[in-house]
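One structure is given below, encoded as structure tokens.
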Amino acid sequence: QTFIQSVIQVLITLSGLVAAGFIVWGGVGYITSSGNPEALEKSKKTILYSAIGLTLVLGAFVVSNIVSQLATSAFGSGQ
């Protein structure tokens with residue numbers, strides 16, 4: 001159980017960092033679009049999808065913590 005929690009924590013951290021990186025990338029693209037509608041729309045989509053991804057990652061983190069707490073209370077710590 002501790003190993004699985006550690007793996008989940010690492011994956012969530014990496015996913016969060018990637019999503020945050022894409023939000024920054026989209027922001028830079030938004031700023032440097034120079035009024036080009038295609039580049040502006042692409043940057044907006046990048047930011048939107050990155051925000052959705054970050055929300056999903058945070059939701060997965062919350063759900064995994066809840067499941068872990070429920071499993072620990074139902075089955076004990078397993079040690």
Side-chain angles (χ1 to χ4, degrees):
Q1 180 183 359
T2 307
F3 174 73
I4 293 172
Q5 284 178 321
S6 298
V7 169
I8 290 173
Q9 291 286 349
V10 168
L11 291 176
I12 287 173
T13 303
L14 290 175
S15 300
L17 288 172
V18 168
F22 273 107
I23 289 174
V24 170
W25 180 264
V28 169
Y30 189 85
I31 292 170
T32 60
S33 65
S34 302
N36 181 358
E38 293 174 2
L40 192 63
E41 192 62 32
K42 182 179 177 186
S43 297
K44 284 181 182 179
K45 285 184 180 181
T46 300
I47 294 170
L48 175 67
Y49 295 148
S50 299
I52 290 170
L54 188 57
T55 303
L56 289 173
V57 167
L58 291 175
F61 175 72
V62 169
V63 168
S64 69
N65 280 342
I66 290 171
V67 168
S68 173
Q69 288 176 358
L70 290 174
T72 300
S73 66
F75 302 114
S77 63
Q79 294 179 359

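Because the structure is a prediction, the values reported are computed rather than measured.
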Which atom pair, heavy atoms only, marks the closest approach of S33 to L40? OG-CD1, 3.4 Å

Working to the nearest 0.5 Å, report the span between CG of N65 and CD of Q69. 6.0 Å

Do V7 and V67 share a hydrophobic cluster (ILVMFWY, side-chain heavy atoms under 4.5 Å, transitive)? no

Main-chain N/O of G26 paired to T46 side chain as donor or acceptor, under 3.5 Å: no

Where do S68 and I8 land on the side-chain contact (heavy atoms from CB on, under 4.5 Å) test, with the steps shown first? CA-CA 11 Å; S68 173; I8 290 173; over 6 Å; no

Would V62 and L70 show up in the same hydrophobic cluster when neighbours are defined by side-chain heavy atoms closer than 4.5 Å? yes

Between the CD1 atom in I23 and the OH atom in Y30, the distance rounded to the nearest 0.5 Å is 15.0 Å

How many angstroms lie between CG in L48 and OG in S43, if you round to the nearest 0.5 Å? 12.5 Å

Just verifying a value: how many Å separate L17 CG and L54 CG, rounded to the nearest 0.5 Å? 10.0 Å

What pair of heavy atoms forms the shortest contact from V57 to G16, and how long is it? CG1-N, 4.1 Å

